[in-house]
Amino acid sequence: MLIHLLLFDMSLSRFNALQTLENRIEPLPAVFAEGAAENIASYFGENVFNDEAMKKHLTENAYLSVKAAVQSGQKLTIEVADEVAKGMKKWSEEKGCTHFAHWFQPLTGKTAEKHDSFFTLTHDGRVIEEFTGSALVQQEPDGSSFPSGGMRSTFEARGYTVWDPSSPAFIMEVGDGKTLCIPTIFVTYGGEAQDFKLPLLRSQAFLDKAAVPVCQMFDKEVNKVGATLGWEQEYFVVDDALFSARPDLVMNGRTLLGRPAAKHQQLEDHYFGSIPERVYAFMRDLETESHKLGIPVRTRHNEVAPAQYEVAPIFEEINVAVDHNQLLMDLMDRVARRHKLRVLLHEKPFAGINGSGKHNNWSMGTNTGVNLLSPGRKVNLRFLTFFVNTIAAVHKYADILRASIAHAGNDHRLGANEAPPAIISVFIGEAMTKLLDQIVKGKTSDSQEVKRALDLIAKLPNLELDNTDRNRTSPFAFTGNKFEIRAVGSSQNCAGPMTVMNTMMGLQLVEFKAEVDKLVAKGEKQEVAILTVLKGYIRRSKAILFEGNNYSDEWKEEAAKRGLNNFANTPEALDVLSKKLAQDFYGKSGVMNKVELEAFHAVQLHAYCTKLSIEAKSLEEIVHSMVMPAVVRYQTELAANIGAMKEIGMEDAAGYQKDTLKRVIRDMTDVREGLEKLHKALEKAHAADSVRDEADILCHKVRPQMDKIREAVDNLETFVDDQYWPLVKYRELLFVR
Ligand code: ADP
Ligand code: MG
């Protein structure tokens, strides 16, 4: 009896958590009772200092100056900044703000904010509320603990946040507190980028500069080209109490142990199924909060795995879209807690079922309102130009794109037979494949042929409507009027891969324009020159096009034959950043200088090592302090039972107990050996000569040991008395609602 009490005590947290879940009878937040979310237009963007708010609260001069700054990067004078600050303050105070914060995106991938009160003291000791232009434009948060990859030495440890007027200020509501948030870039004293936003802004400017001359070959009215992004965010939802009873989830965002439930996603009955009520309430609440912040979320549905969902907005200008995704990830966490739920943004929270990605739908648009990747009703040479150049760019810079999505979480996903593989290839669909083939086959390069090619394109079925033949296994797919980059991890800042897309496209278009100009200078007609250059690109980038099953082993072999790289893990994928390809890529475009690139690489590698080390250590701790004590007790009970059976002469009837005991002992031995090896590997990793070596040991020695330990523990989970098992089980996490 005493033993039993002790045992019960051991697993209290799991059963407490389950009991808590059982007792959830709280009413839904009032917002639903009122049946809100009916008329989104009445509150959409109410917490954003958008065009309407600016018009109302700024002088005409200030309003026009901000507009000019956004449209053509024109610098704002401090006088104008003062006026803008005044207007922003008034607007936000009317809405109840007491504080302001520079909101930025350090290389951690998350967002950061430092709050300051409007309140200040004058030199004669009076209390005033103030927000000056200089406070709006620049702040100096104590950024010394954000990763800088060595860019900030200790004597110059300060980082600066600088206002980005192209993304509107907004009000963040946390409980009763309201803060005016100002989107900013984060730089060193010398102006080097230490965040995701500055490289993104630079890449946009670079793409604009490269794409406008190409557009002008077709339409002189075009004077601005901007990238667009529509992301699709996948995530898991679990109960807050169950989450809290899993230290691995709390510490790492993913389960390090846990046997897949007998029923997981085999039936695929979750996909587009009806949404559980509690989750539905969370989603509606999240949507309301998002809409108030001007985030145009529109789509919600169940995903393939149990407890997995997706949210997607209408696409926007890329910088704002990135900010909105960052903001949404933050909101998700806060809103979920209100509903006693937790959102998991990790790429692979659970073994054995699908992980989460974040599809990035990317395209380019002009000031004349044209989507450059849309064939539209009348398909034309301009569409073909941008379409083929995208393919050529991905072919050249696939490794850099791969590096931009490399991080510890995504390693569990890429190439794990459910997500796109680590091999970058492009899917364009049957119709476009045929078209490109036919264009390449054309023998002569004259106007006749251009006409023939255009006729071919014009005869295509309406591509925008007909994007049904989608290949879900491709990491990079043309979906009718945009490319969809599917290998991005669910927790990642979209700015990383989007910066790479803009930059590769910019570099490619510069080259394209130069080649066309050369032919034209030789007397070739422009149309013919364009088609000739495009034909060359189609031929040379053929290797990147793949229409088959990207999950198959045959593709791995085929890709290797084609010379496409398959970087299976983060350290390897990041290596390209120290090579000439990346230095030229970022250097020539001006998106990152050498110092910034080195720092970026160092930060990513370091983050990988830190994450894996934390995972390994938390695994050690959980196994030692939670799992093994439970197993030992069960072992004692089995042994006691076998002894007791023997005493009464019934040993023969103790076969099951004996078998189980043997299995338990075998798995315990595996766990013990695994822990020993893991510990040694960790020590070796931490004693490595370089971070790159450390990453290698963590990747090839530590991670496999973690998997071995997990296998043994997951076996034990099937045998050990359920009443003793201390960790909330998958079936509880994923199916109890
Ligand atoms: P799914 O891939 O799930 O079928 P949709 O086709 O509805 O989803 O669209 C996915 C995303 O692509 C949406 O966020 C949508 O706004 C976005 N999108 C549509 N057109 C563009 C575009 N021109 N540029 C960027 N994103 C776009
Ligand atoms: Mg999609």
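Atoms within each ligand, like the ligands themselves, are counted from 1 in listed order. Side chains included, hydrogens not; waters and symmetry mates left out as well; all remaining heavy atoms used.
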* F478 and F427 aromatic centres sub-6.0 Å ->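 Aromatic pair excluded; centres sit 6.0 Å or further apart.
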* To do: Examine F387 together with F483 and report whether their ring centres are nearer than 6.0 Å.
  =>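 Here the rings of F483 and F387 have centres that are less than 6.0 Å from each other.
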Going by the atom numbers of ligand 1, which of them fall below 4.0 Å from some non-hydrogen atom of [X]?
{"X": "T228", "value": "22 (C), 23 (N), 24 (N), 25 (C)"}
{"X": "E484", "value": "2 (O)"}
{"X": "S363", "value": "22 (C), 23 (N), 24 (N)"}
{"X": "P313", "value": "13 (C), 14 (O), 16 (O)"}
{"X": "G230", "value": "14 (O), 25 (C), 26 (N)"}

* Quick one: does ligand 1 sit under 4.0 Å from the side chain of I314, the backbone, both or neither, non-hydrogen atoms only? ->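 The answer is the backbone.
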* Asked: Where's the contact between E232 and ligand 1, heavy-atom distance under 4.0 Å: side chain, backbone, both or neither?
  ->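 The answer is the side chain.
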* Asked: Does the N or O separation between F315 and ligand 1 drop below 3.5 Å for any pair?
  ->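 Min N/O separation from ligand 1 is below 3.5 Å for F315.
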* Does an N or O anywhere in N371 fall below 3.5 Å from an N or O of ligand 1? ->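 N371 vs ligand 1: N/O contact under 3.5 Å present.
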* Among T299, V311, I318, N361, closest by any non-hydrogen atom to atom 25 (C) of ligand 1 ->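 Going through T299, V311, I318, N361 one by one, N361 has the nearest heavy atom to atom 25 (C) of ligand 1.
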* Asked: When Y537 is tested against each of E515, K542, H395 for side-chain hydrogen bond (donor to acceptor under 3.5 Å, both in side chains), which residue passes?
  ->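 By the side-chain hydrogen bond (donor to acceptor under 3.5 Å, both in side chains) criterion, Y537 pairs with just one of E515, K542, H395: E515.
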* Go through the steps for K292 and E173 under the test side chain to side chain contact (heavy atoms under 4.5 Å, CB included), then give the verdict. => CA-CA 10 Å; K292 283 203 260 177; E173 294 177 292; 3.2 Å; yes
* Taking atom CD of E52 as the centre, report whether more than 12 heavy atoms of other residues, nucleotides or ligands fall under 6.0 Å from it. =>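 For E52, atom CD is not crowded (no more than 12 foreign heavy atoms under 6.0 Å).
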* Asked: Is the count of non-hydrogen atoms from other residues, nucleotides or ligands lying under 6.0 Å from K588 atom NZ greater than 12?
  ->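 For K588, atom NZ is not crowded (no more than 12 foreign heavy atoms under 6.0 Å).
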* **Any residue meeting salt bridge (Lys or Arg N to Asp or Glu O under 4.0 Å) with D399, in chain and number order, not counting sequence neighbours** =>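 Here no residue qualifies.
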